[in-house]
Every structure is written in C-alpha cells, then in structure tokens.
Amino acid sequence: MDNQITQPKIIIQRIALMALAILLALALGIFAVRMVRASDPYVKTVLSLTGDPVQGHAIFQINCAGCHGWEADGRVGPSLQGVSKRKSPYGLIHQVISGDTPPMPKFQPSAKEMADLLSYLETL
C-alpha cells in the first residue's frame, strides 16, 4: 500500500523537475540570443549614437517612402506607424539591413544613418 502512495508523489516530482528544466533552458536560450545580438559591432555602434529624427526623415523619404508611403502609412510595404512600439531597436536594425523579408531590399546604411532612421521611426 505504501508503494501506491509514493508513486504519484514521485511522478509529480519528476514532472515538476522536467517543467523547471524546460523553463530554465528556454530562459537561457533567450538570454543567449539577446547577448549575441547585443555583441554585434554594427548594432552596438548604432545604439551608442544619438540619432537625428529630421535627418532620419530625409533618409526615410529617399530610401523607404516609395514602398512605405510618404507618411509611413503603407503602400506596397506595410504601415510603419507605431513600429518602434512593436519591434525592438535590434529588430528594426535587422529588418533594414538583412533583406530577410522580401520584397524589402537589403540596405547598408552607415551606423549614423541607421541611428537617424531609428530616431525618426520612434516619432511615428
């Protein structure tokens, strides 16, 4: 009879330990991804600069407005209104420079230009 009582306790303990291990692995994975992103020299440089939203608006008009609209309200590309609330600065930088989401082209702005563009996007 003792064996029947202890088996459910052992099973519950094993499930709890497994759940804890999974949560810990997930947390460590997220932390590692963030550390790798933050260690990118280009990203570090961009994020260390103070961007000029006026200059960023000019950069946007030249490079982005054709698809995202003059007021960043969308045309061929999606609206960028409130984009800095939906994406992290790293996510925005990656979106601009990666070319991972066709038909958006891969851009290679200087770190200062990217900082200016980020500053402008934060005003939307």
Side-chain angles (χ1 to χ4, degrees):
M1 184 132 182
D2 258 350
N3 195 21
Q4 291 177 351
I5 293 172
T6 59
Q7 279 184 351
K9 283 183 180 179
I10 291 172
I11 291 172
I12 291 171
Q13 288 173 346
R14 286 183 181 169
I15 291 172
L17 266 172
M18 185 71 76
L20 184 61
I22 290 170
L23 286 174
L24 184 60
L26 185 62
L28 286 173
I30 291 170
F31 178 74
V33 167
R34 288 183 184 222
M35 291 304 293
V36 167
R37 287 178 175 178
S39 68
D40 181 324
Y42 178 77
V43 173
K44 285 173 81 171
T45 303
V46 170
L47 296 178
S48 71
L49 298 171
T50 301
D52 177 359
V54 173
Q55 196 63 26
H57 184 254
I59 293 166
F60 180 86
Q61 293 299 316
I62 293 166
N63 296 290
C64 313
C67 292
H68 293 286
W70 288 104
E71 299 302 317
D73 52 0
R75 284 183 74 190
V76 175
S79 170
L80 298 178
Q81 295 294 319
V83 71
S84 65
K85 292 171 184 63
R86 296 188 306 268
K87 284 189 170 260
S88 68
Y90 175 82
L92 291 170
I93 293 168
H94 180 74
Q95 185 77 38
V96 170
I97 67 172
S98 71
D100 286 347
T101 53
M104 185 166 163
K106 181 178 185 177
F107 288 104
Q108 293 299 314
S110 70
K112 178 62 175 141
E113 291 169 333
M114 190 68 232
D116 293 341
L117 185 58
L118 281 178
S119 183
Y120 170 68
L121 293 174
E122 289 172 1
T123 70
L124 298 177

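A distance of 10.5 Å separates SG of Cys67 from CG of Leu80, quoted to the nearest 0.5 Å. The OG1 atom of Thr123 sits 10.0 Å away from the CZ atom of Phe60 when rounded to the nearest 0.5 Å. For the atom pair Thr45 OG1 and Lys112 NZ, the distance stands at 13.0 Å (nearest 0.5 Å). From Leu47, atom CG reaches atom CE of Met114 across 9.0 Å, with rounding to the nearest 0.5 Å. Atom CE of residue Met18 and atom CD1 of residue Ile15 lie 9.0 Å apart, to the nearest 0.5 angstrom. Separation of atoms CG (Leu121) and NZ (Lys87) is listed at 11.0 Å; rounding is to 0.5 Å.
A pairwise comparison of heavy atoms in Gly51 and Ser119 identifies O-OG, 3.3 Å as the closest pair. Across Gln81 and Glu71, no two heavy atoms sit closer than the pair NE2-O, 2.6 Å.
Two different hydrophobic clusters hold Val54 and Leu124 under the rule that ILVMFWY side chains link at heavy-atom gaps under 4.5 Å. A single hydrophobic cluster is not seen to contain both Ile59 and Leu49; linkage of ILVMFWY side chains at heavy-atom distances under 4.5 Å, directly or through other members, places them apart.
Not a single ring pair (Phe, Tyr, Trp, His ring centres under 6.0 Å) links His68 to another residue, sequence neighbours left out.
Enclosure of atom CZ in Arg86 by more than 12 non-hydrogen atoms of other residues, nucleotides or ligands within 6.0 angstrom is indicated.
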Test side-chain contact (heavy atoms from CB on, under 4.5 Å) on Asp116 and Tyr120; report intermediate values, then the result. CA-CA 6 Å; Asp116 293 341; Tyr120 170 68; over 6 Å; no
Determine whether Lys106 and Ile97 satisfy the following criterion, side-chain contact (heavy atoms from CB on, under 4.5 Å), listing intermediate values before the conclusion. CA-CA 5 Å; Lys106 181 178 185 177; Ile97 67 172; 5.7 Å; no
